[in-house]
Undergrad: 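Here it is, the structure in full.
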Amino acid sequence: MTGLLRRSELALPACNDHMFAKGASSGADLVFLDLEDATPVSLKVESRAKAIKALNELDWGHTARAIRINGLDTPWCHDDLIEVVTGAGANLDTVVIPKALTARDVWWVDVMLTQLEEKLGLSKKIRLEVLIEEVEGLANAEEIVRASPRLDAVIFGVGDFSLSQGARVDTNFDPLDPYPGDFWAYARNKVMVAARIAGIDAIDSPYPDYQNLAGYEAEARRSSLYGYTGKWAIHPSQIPIANAVFAPTEQEIALAQRNMAAYREAEAAGRGAVGVEGVLVDAAHVKKAREVLDRAELIKSAAR
């Protein structure tokens, strides 16, 4: 995992500028202004100016500022990057790449950003997140996530993925007939494993049924068990749920502190493991405890 907070990533259509101020103050760890699927073809060009204005003029606080560009196979992608980075590069933290199929897709965006940053004299490197939402992209996930040092998160995009796979699902991407367990378990796990290989964060897919907050929470909790560090939000009401689910609980923090203290005491006494309340605690448990405590501290620091 990275040292960044990505518990909640709120998607806002780049054409709907009346939503921007609320999004900037929503409490999401990241907000991306979507030039791709959420913006109709007739508004794609003019929406770039709206995104630039929002990035430059709104107070985003601790929220990371991002755009999702159009796909590399479209006529808008090239100008999405050039116009937004030229107009608001100093206030843009992340570019989200949709529908990545191969590592070369990420490499192309990286090269473009490098040229723009040098040309514009930008001192801060713009980060990248990439969406795995095609079966070819899933097959190449391990290569995609290691394609650029800018890349700090991979997102599982279940919507387009369900279409690419030909899955029979409803509008919430749930199977039309009863299915045991998580219908998307293979894809979620493969994306998660790829993320861990690359040492980056994994963000779970959107949940279109935004009025069903219990369903959103249940899905977020399931993906957190896989190891995901955050989830897409399509409505502000989903943000506090994601922020809570993808944070260590008080019980997890207390257990981590207990295991860490017990192991250090045993280590000082020349032992490499110790029993705590009938359970073995060794070096692996210490690594897990350190991960939990580091994440808790990261969240605490962001709230200051």
Undergrad: Grab the two heavy atoms, one from P175 and one from Y179, that are nearest each other, plus how far apart they are.
TA: CG-CB, 3.9 Å
Undergrad: For the NZ atom on K190, are there more than 12 heavy atoms of other groups (residues, nucleotides or ligands in this structure) within a distance under 6.0 Å?
TA: yes
Undergrad: Over all heavy atoms of both residues, which pair between E252 and A247 is shortest? Give the atoms and the distance, please.
TA: OE1-O, 4.1 Å
Undergrad: Is the shortest heavy-atom distance from the side chain of L298 to the side chain of D294 under 4.5 Å?
TA: no
Undergrad: Which heavy atom in P40 sits nearest to a heavy atom in C15, and how many Å separate them?
TA: CD-SG, 3.9 Å
Undergrad: Please answer whether the main-chain N or O of K99 pairs with a side-chain N or O of D160 as donor and acceptor at a distance below 3.5 Å.
TA: no
Undergrad: Quick one, L35 with L33, criterion side chain to side chain contact (heavy atoms under 4.5 Å, CB included). Give me CA distance, side-chain angles, the key distance, then yes/no.
TA: CA-CA 6 Å; L35 292 162; L33 307 179; over 6 Å; no
Undergrad: Measure from the side-chain N and O atoms of R65 to the backbone N and O of N91, and report whether any donor-acceptor pair falls under 3.5 Å.
TA: yes
Undergrad: Would you check if I299 and R7 make a side-chain contact, meaning some heavy-atom pair closer than 4.5 Å?
TA: yes
Undergrad: Measure the CG-CE distance between L225 and M192 for me, rounded to the nearest 0.5 Å.
TA: 12.0 Å
Undergrad: At their closest point, which heavy atom of S26 faces which heavy atom of L10, and how far apart are they?
TA: OG-CD2, 3.8 Å
Undergrad: Hey, could you give me the CG/CD distance between N212 and E217, rounded to the nearest 0.5 Å?
TA: 10.5 Å
Undergrad: Would you find a donor on one side and an acceptor on the other, under 3.5 Å apart, between the side chain of S223 and the backbone of A220?
TA: yes
Undergrad: With a 6.0 Å cut-off (strictly less than), is the heavy-atom count around NZ of K53, excluding the residue itself, greater than 12?
TA: no
Undergrad: Grouping I, L, V, M, F, W and Y whenever their side-chain heavy atoms are under 4.5 Å apart, do L138 and W184 come out in a common cluster?
TA: yes
Undergrad: One pair to check against side chain to side chain contact (heavy atoms under 4.5 Å, CB included): L92 and V85. What are the steps and the verdict?
TA: CA-CA 7 Å; L92 178 64; V85 175; 4.1 Å; yes
Undergrad: Grouping I, L, V, M, F, W and Y whenever their side-chain heavy atoms are under 4.5 Å apart, do F156 and I203 come out in a common cluster?
TA: no
Undergrad: Between I155, V154, V95, I97, which is the residue that forms a side chain to side chain contact (heavy atoms under 4.5 Å, CB included) with E129?
TA: I155
Undergrad: Are side-chain heavy atoms of M260 and V286 found at a separation under 4.5 Å?
TA: yes
Undergrad: Quick one: are S205 and K231 in side-chain contact, heavy atoms under 4.5 Å?
TA: yes
Undergrad: Take atom CZ of R104 as the centre, draw a 6.0 Å sphere, and report whether it contains more than 12 heavy atoms from other residues, nucleotides or ligands.
TA: no
Undergrad: How many angstroms lie between atom CG of L5 and atom CG of L30, to the nearest 0.5 angstrom?
TA: 11.0 Å
Undergrad: Counting only N and O atoms by type, is there a donor-acceptor contact under 3.5 Å from the side chain of E9 to the main-chain atoms of G230?
TA: no
Undergrad: Do D34 and P13 touch side chain to side chain, with heavy atoms closer than 4.5 Å?
TA: no
Undergrad: Can you check whether E83's main-chain N or O pairs, donor with acceptor, with T86's side chain at less than 3.5 Å?
TA: no
Undergrad: Does anything in residues 164-176 pair up under salt bridge (Lys or Arg N to Asp or Glu O under 4.0 Å), and if so which pairs, sequence neighbours excluded?
TA: none
Undergrad: Does a salt bridge link D152 with R127, judged by any charged N lying under 4.0 Å from a carboxylate O?
TA: yes
Undergrad: Using atom types as modelled and distance alone, determine if a side-chain donor or acceptor of D93 lies under 3.5 Å from a backbone N or O of A64.
TA: no
Undergrad: Is it true that a side-chain atom of R146 and a backbone atom of E142 form a donor plus acceptor pair closer than 3.5 Å?
TA: yes
Undergrad: Please answer whether the main-chain N or O of A28 pairs with a side-chain N or O of T63 as donor and acceptor at a distance below 3.5 Å.
TA: yes
Undergrad: Among Y216, F32, Y207, find the residue that satisfies the ring pair (Phe, Tyr, Trp, His ring centres under 6.0 Å) test when tested with W232.
TA: F32
Undergrad: Between V158 and Y186, is there shared hydrophobic-cluster membership here, with clusters defined by ILVMFWY side-chain heavy atoms closer than 4.5 Å?
TA: yes
Undergrad: Out of curiosity, does V145 fall in the hydrophobic cluster containing L4 (side-chain heavy atoms, cut-off under 4.5 Å, transitive links)?
TA: no
Undergrad: Take V274 and E267 through the side chain to side chain contact (heavy atoms under 4.5 Å, CB included) test and state the conclusion after the steps.
TA: CA-CA 9 Å; V274 62; E267 190 178 40; over 6 Å; no
Undergrad: For the residue pair I239 and S8, what are the closest heavy atoms and their distance?
TA: CG2-OG, 3.7 Å
Undergrad: A quick test of your reading: do over 12 heavy atoms of other residues, nucleotides or ligands sit less than 6.0 Å from CZ of F183?
TA: yes
Undergrad: With a 6.0 Å cut-off (strictly less than), is the heavy-atom count around CD of E265, excluding the residue itself, greater than 12?
TA: no
Undergrad: So, taking the atom named CD1 in I126 and the one named CE in M112, what distance separates them when rounded to the nearest 0.5 Å?
TA: 11.0 Å
Undergrad: In Å, rounded to the nearest 0.5 Å, how long is the span from CH2 of W107 to CG of L128?
TA: 13.5 Å
Undergrad: When you compare the side chain of W76 with that of S47, does any pair of heavy atoms fall below 4.5 Å?
TA: no
Undergrad: Do the non-hydrogen side-chain atoms of V109 and L72 ever get within less than 4.5 Å of each other?
TA: yes
Undergrad: Do R6 and T94 come within less than 4.5 Å of each other through their side chains, counting heavy atoms only?
TA: yes
Undergrad: Return the CG to NZ distance between L12 and K50, rounded to the nearest 0.5 Å.
TA: 13.0 Å
Undergrad: We want to know whether Y226 and D204 form a side-chain donor-acceptor pair, criterion being a heavy-atom distance below 3.5 angstrom.
TA: no
Undergrad: I would like to know whether E297 and S301 meet side chain to side chain donor-acceptor pair (under 3.5 Å); could you show each step before the answer?
TA: CA-CA 6 Å; E297 181 57 34; S301 299; 3.3 Å; yes
Undergrad: So which heavy atom on Y228 is nearest to which on R188, and how close?
TA: OH-O, 2.8 Å
Undergrad: Are V45 and L81 co-members of a hydrophobic cluster defined by side-chain heavy atoms under 4.5 Å apart?
TA: no
Undergrad: Counting distance only, does the side-chain N/O of D59 pair as donor-acceptor with the main-chain N or O of G61 below 3.5 Å?
TA: yes
Undergrad: Is the ring pair H235/Y210 parallel, tilted or perpendicular, if the boundaries are 30 and 60 degrees?
TA: parallel
Undergrad: Would you kindly say whether T102 and N140 are connected by a side-chain donor-acceptor distance under 3.5 Å?
TA: no
Undergrad: I need the full list of ring pair (Phe, Tyr, Trp, His ring centres under 6.0 Å) pairs touching residues 244-284, with sequence neighbours left out, sorted by first then second residue.
TA: none
Undergrad: Taking N70 for the side chain and D80 for the main chain, is one N or O donor matched with an acceptor at less than 3.5 Å?
TA: no
